[in-house]
Amino acid sequence: MAARNVMKGKTGDWLAVIGLEIHAQIASHSKLFSGSKVKFMAPPNQLVSFFDAALPGTLPAGYQITQQRKPIASNGHLLFNVYDDVKREKPRRHRVNIKQIQLEQDSGKSLHDEEKQQTLVDLNRAGVGLMELVTEPDMSNGKEAAAFVQELQTILERIGTCNGKMAEGALRVDANISVNKPGEPHGVRTEVKNINSVRFVKNAIEYEIRRQIDVLESGGTVVMETRSLDDTGCTIPMRDKEDVLDYRFMPEPNLPPLVLYDDTTINSTICQEKAINVDTLRRRMPELPEDQRQRLTEDYGITYSNAVKLVNEEGLADLFEQLCTASSRKETKRLINWCLIDILKCLHQRNLTVKQSPIPVEKLSDIFSSLQSGEISAKSAQKLLELLFDGDSRSVSEIMDVENLRQITSEEEVLKFCTKAVNEEPDLVEVYQSRNKKVINKLMGIVQMKSKGRIEPQLAKRIMEELLERRRRR
Ligand code: ADP
């Protein structure tokens with residue numbers, strides 16, 4: 001057992017066991033079995049058909065439909081990166097087995113009005129399609145569980161089956177947690193329900209592990225129960241799982257079976273119109289995040305850690321590749337930094353995702369090409385980004401002309417700026433000539449200020465030195 005998994009208690013070492021149940025809302029415009037719309041933040045009960053409300057006369061009604069007994073997929077696994085030591089860039093790959101993925105309906109939501117002492121029901125979510133993914137208890141700390149959720153989120157976003165937005169409840173995590181002493185069987189588990197951020201997944205699990213160890217070490221017992229995470233980061237009991245007796249599962253008579261087949265069974269007797277060919281879907285799948293990370297390192301020679309950063313920001317890796325193809329001279333290192341630092345900064349400041357960016361790739365490519373050729377400085381490139389992100393519709397070259405952003409590259413013109421500075425600052429020139437060469441930096445500062453930072457510093461410095469040298473000899 002790796003040392004990283006061992007937790008210290010007053011009575012010795014402890015191990016923790018974690019399994020996750022994740023509800024991911026299926027990215028669909030309508031509910032699973034009705035035509036009602038699915039929308040986040042709609043006013044209460046605006047997206048409810050008679051069927052969703054289970055009014056008499058609508059079939060089937062009044063209970064949750066789930067594929068629990070015959071899940072759409074089972075016995076899978078997910079490999080993902082865990083960064084045990086944040087300072088070490090190289091992650092460890094960890095494998096978690098996935099017991100099953102099943103489709104089911106989401107439920108309505110009750111809203112408690114403390115003041116009026118009443119409970120109201122919002123059925124907007126009733127009947128929305130969810131995929132529930134159940135893992136085996138293959139994780140041993142909060143960090144691993146959080147990394148699992150993050151990778152799953154990236155995959156679901158990529159394949160477009162769930163938008164992954166935890167804050168909007170589109171991805172919700174229930175964490176099952178137990179602790180035991182090394183060499184002993186798994187302990188009794190508790191389940192922390194409805195965790196809605198990756199960070200909370202880690203924190204809630206760490207809190208719950210510590211709590212269980214404390215309970216056991218002080219002579220108590222852990223009871224099997226569901227708990228929720230409160231505002232202070234503590235887990236508190238919700239309802240006793242043992243009280244939830246019998247769900248009374250029964251086959252739903254109104255639903256025809258969902259038949260899956262693959263290329264090898266294509267000629268069998270299955271009615272192909274009603275069945276789903278898994279291999280066809282597989283062929284339509286986009287490149288998965290980890291495949292893309294590996295390919296980016298091979299195709300562009302970038303570091304794995306940069307590939308991770310590009311891929312984990314939805315849409316950024318694709319943008320990087322488009323810009324790489326568009327720019328003739330592939331200065332990938334500079335381009336990576338431009339994507340990861342400059343472009344991301346503009347997006348984050350405006351609360352935008354890469355996909356929501358208002359700037360067409362061609363314009364970004366124009367800016368980067370100008371930066372690469374030395375036509376504009378990094379500062380001007382940043383200014384161009386800012387203008388375009390704020391809705392400027394002019395072409396890049398028009399903005400460069402009108403806003404005077406092009407670098408001054410003609411030596412003659414640079415000399416003019418230098419001469420002007422030297423004429424205006426005879427005292428600095430005198431200090432430079434007689435005792436301190438460092439004051440050249442002050443003169444350079446003046447040149448940059450007057451030229452609005454449009455002269456490449458090396459060029460400006462060389463010309464200034466030559467000018468001062470000539471003056472001395474005069
Ligand atoms: P049940 O059928 O009783 O609901 P499952 O075997 O389906 O239980 O497990 C439900 C969830 O609890 C799964 O995510 C699983 O990984 C997790 N789990 C099972 N045993 C433990 C344990 N001892 N500690 C932590 N998690 C566990």
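Order of appearance sets the numbers: ligands from 1, and atoms from 1 within every ligand.
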Heteroatom distance test (N176, ligand 1): nitrogen or oxygen, under 3.5 angstrom | yes
Interatomic distance, E321 atom CD to D299 atom CG [nearest 0.5 angstrom] | 7.0 Å
Would you call K309 and E313 a salt bridge, using N to O less than 4.0 angstrom?
-> no
Those atoms of ligand 1 less than 4.0 Å from some heavy atom in V134 | 13 (C), 14 (O)
Note: R350-D390 ion pair, threshold 4.0 Å (strictly below) | yes
Under 3.5 Å: N/O of P137 near N/O of ligand 1 = yes
When you measure from atom 23 (N) of ligand 1 to each heavy atom in A175, G19, S178, which option holds the nearest one?
-> S178
Can you list the atoms of ligand 1 that are under 4.0 Å from a heavy atom of E136?
-> 16 (O)
Atoms in ligand 1 with a heavy atom of G187 nearer than 4.0 Å = 23 (N)
Return yes if a side-chain donor-acceptor contact under 3.5 Å exists between Q292 and D318, otherwise no.
-> yes
Ligand 1 atoms in contact with T135 (distance to a heavy atom under 4.0 Å) = 13 (C), 14 (O), 15 (C), 16 (O)
Are D13 and K8 close enough for a salt bridge, meaning some N to O gap below 4.0 Å?
-> yes
Identify whether the distance between the nearest side-chain nitrogen and carboxylate oxygen of K345 and E386 falls below 4.0 Å.
-> no
Considering the heavy atoms of L20, write down every atom of ligand 1 situated less than 4.0 Å from one of them.
-> 14 (O)
For ligand 1, is there an atom lying under 4.0 Å from some heavy atom of K99?
-> yes
Going by an N to O cut-off under 4.0 Å, is there a salt bridge joining E136 and R95?
-> no
Enumerated ligand 1 atoms positioned under 4.0 Å from heavy atoms of V17 = 24 (N), 25 (C)
